[in-house]
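Here's the structure we're looking at; comments come further down.
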Amino acid sequence: MFSGIIASSGVAIGKAFVLKEAEFQISDGVLDSSEVDANIARFKDAIAKTVEQLEAIRDKAAAKLGEEEAEVFEGHILVATDEELEEEVVEAIKGLKPADAALSETIAANVAMLAELDDPYLRERVADIKDVGRRMIKNLLGIDMASLEDVAHGTIIIADDLTPSETSQIDLERVWGFITNIGGRTSHSAIMARSLELPAIVGAKVATDSIQNGDTVVLDAINNKVLVNPDQSAIDSYKTLQVQLDEERKELSKLKDLSCTTVDGKQFEICSNIGTVKDTEGANRHGAEGVGLYRTEFLFMDRTQMPTEEEQFDAYKAVAEAMSDRPVVIRTLDIGGDKDLPYLDLPQELNPFLGWRAIRMCFDKPEILNTQLRAILRASAFGKLKIMFPMVISVEEARRLKQIVADVKAELTSKGIAFDDTVEVGIMVETPAAVMVADLLIQEMDFFSIGTNDLTQYILAVDRGNEMIADMYDPMAPAVLRAIKRVIDCSHEAGKWTGMCGEMAGDERASLILAGLGLDEFSMSATSIPRVKKVLRSHKYEELKVMAEAAVNQPTTEDVKALLNDFIARH
């Protein structure tokens, strides 16, 4: 038995299909000068074949998953047709290096350069470069790529990693889950698993060494366990759990069109976090009452240049229309920290989470923010959009952002372009500074949305990506709960509302405290919506208030959890 990182929850029992690369040998000799032209021709033929394959994969992905999910393959095509890469390989061939060796070394150099960067997003994009490079080399050598299109019914895929081109082949009728050695919650395979609602564990390290083709595998992405060839008793136990989960899903689906109202009549708004237009399908399927966080940075990733105003407008308009008259909170570009865009040439910083990120970068590059705001405001004519700015720490910044919005509105008005002039403008509260001046910030804004992922790490001074201190990162810490309470109280005193779009909002247990503190809107992964809705509908608001008040006054995190456990046991 081993574990990893739960990328997408659920339980699957099936037969392992271990995805392994076909073995091949890179040439190590030296070309004769008479062989150079033929090697260059082979290399260019491999480029053409690679582009043809990627275009076919892109078209399939667009049909199965939507245009936005397929955009990653546009980036792959750009890698395959990159003129600098081609020139480097051709020069190496002219230097009498065989075509496959020239291509392999050039790809390896690019991968090594990215892998050394201190940025999780760019490190995870290494997989994209490897994916395209491996495909080009195999086409050059005449070796077929591994395929997932013909796996057996009831397959659990085991791989070192799953590339975008591989995950695009997954047939949900045949594949019931997957496990990878590497990857994190922001890797392509993890994002795809959640989009497909397919049980998955990534970052398991030993998966391909511990599992053989045809092994019976239990993928427990509820308790973070992988069992290999378990006995019948364990299998029967997990089958019972699957039945229970299926029955629970059916029961939870009955809540889809019901409001999240407590026994004594207090109503909360339950929304979904999304990253692409395609994600609205899951939001609608699980009964989201709106979108509490649209992470627009996904529009800017896996590209070689900024999305145009029209491209952004089309995406925002599609989300607005997909959600009909329900609210959609669009967060402006939040790049920096653990996210980077290669084409922006962002500086390497010693502490990027405290650096030139989010609105700080946008203030210095006003064309980025102005273009995005024009696109959002234009799309607001087609739905109920709201604008949210990340990483705001002062009243000065809030006022500056309000003025930028006013200027963009004036520009659109002068051109006769329609937009909703009543669009609400708010900020993410994710720093101790914003918490401390929340009473002043709310006078400038229409709403708050608490980003607990960053807020927790900033308040506790704990890097949420550092495994050595991971146990210290806990949003249930009294310091974090007190910060949340202050933000909510300040907004309510001003007659305004506060939402939450961090992971904490989708935690069933934490939701009891958050509701008791008076949080107005909860935004989470779509699959968490029914469970949170069920929990809150089962309690009385007045009792939750008493419990939450006691929770924020507990001296330790363990005391908070003990109090919560006792409350749940008694109710």
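FYI, the numbering just counts along the sequence from 1.
- Ion pairing of Glu396 with Arg399 is absent here, as no side-chain N (NZ or NE/NH1/NH2) approaches a carboxylate O to less than 4.0 Å.
- Residue pairs meeting the salt bridge (charged side-chain N to carboxylate O under 4.0 Å, His left out) criterion with at least one member in residues 253-271, sequence neighbours excluded, are Glu251-Lys254.
- Crowding of Lys225 atom NZ: a count of heavy atoms from other residues, nucleotides or ligands under 6.0 Å not exceeding 12.
- The residues Asp474 and Lys561 are annotated as salt-bridged, a charged nitrogen and a carboxylate oxygen being separated by less than 4.0 angstrom.
- Gln242 and Asp246 share no donor-acceptor pair across their side chains, judged by distance under 3.5 Å alone.
- For the residue pair Thr296/Gln372, the side-chain donor-acceptor check at 3.5 Å is satisfied.
- Residues in residues 501-522 take part in these ring-ring contact (aromatic ring centres under 6.0 Å, His included) pairs, two or more places apart or across chains: Phe268-Phe522.
- Legend: residues meeting salt bridge (Lys or Arg N to Asp or Glu O under 4.0 Å) with Arg285, ordered by chain and number and at least two apart, are Glu197.
- The neighbour count for Glu310 CD, taken as heavy atoms of other residues, nucleotides or ligands under 6.0 Å away, is above 12.
- In plain terms, the two heavy atoms of Ile156 and Ala12 that are nearest each other are CD1-O, 3.8 Å.
- Looking at residues two or more places apart in sequence or on another chain, you find a side chain to side chain donor-acceptor pair (under 3.5 Å) between Glu543 and His571.
- Ionic pairing of Glu248 and Arg531 is present here: one or more N-O contacts between side-chain nitrogen and carboxylate oxygen are shorter than 4.0 angstrom.
- Residue pairs meeting the ring-ring contact (aromatic ring centres under 6.0 Å, His included) criterion with at least one member in residues 474-502, sequence neighbours excluded, are Phe447-Trp497.
- For Thr556 (side chain) and Asp559 (main-chain N/O), a donor-acceptor pair under 3.5 Å exists by modelled atom type.
- Using a 4.5 Å heavy-atom threshold, the side chains of Ile359 and Pro390 count as touching.
- Open room surrounds NZ on Lys534; 12 or fewer heavy atoms of other groups in view lie less than 6.0 Å from it.
- Remark: the Thr527 side chain and the Ser525 side chain contain no N/O donor-acceptor pair separated by less than 3.5 Å.
- Remark: Arg486 pairs with Asp439 by the side chain to side chain donor-acceptor pair (under 3.5 Å) rule, at least two apart or across chains.
- Using modelled atom types, no side-chain atom of Arg331 and backbone atom of Tyr294 make a donor-acceptor pair closer than 3.5 Å.
- A salt bridge is absent between Glu247 and Lys250; no separation between the charged side-chain nitrogens and carboxylate oxygens falls under 4.0 Å.
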### Query
Are Met547 and Asp566 close enough, and set up right, to give a side chain to side chain contact (heavy atoms under 4.5 Å, CB included), and what steps lead you there?
CA-CA 10 Å; Met547 182 272 292; Asp566 180 63; over 6 Å; no

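- Arg378 forms a cation-pi arrangement with Phe313, by the criterion of a distance under 6.0 Å to the ring centre and an angle within 45° of the ring axis.
- Using a 4.5 Å heavy-atom threshold, the side chains of Ile450 and Leu455 count as touching.
- Look at Arg295 and Asp334 and you find no salt bridge, because none of the NZ, NE, NH1 or NH2 atoms lies under 4.0 Å from a carboxylate O.
- Put simply, the side chain of Ser528 never gets that close to the backbone of Met524: no donor and acceptor are under 3.5 Å apart.
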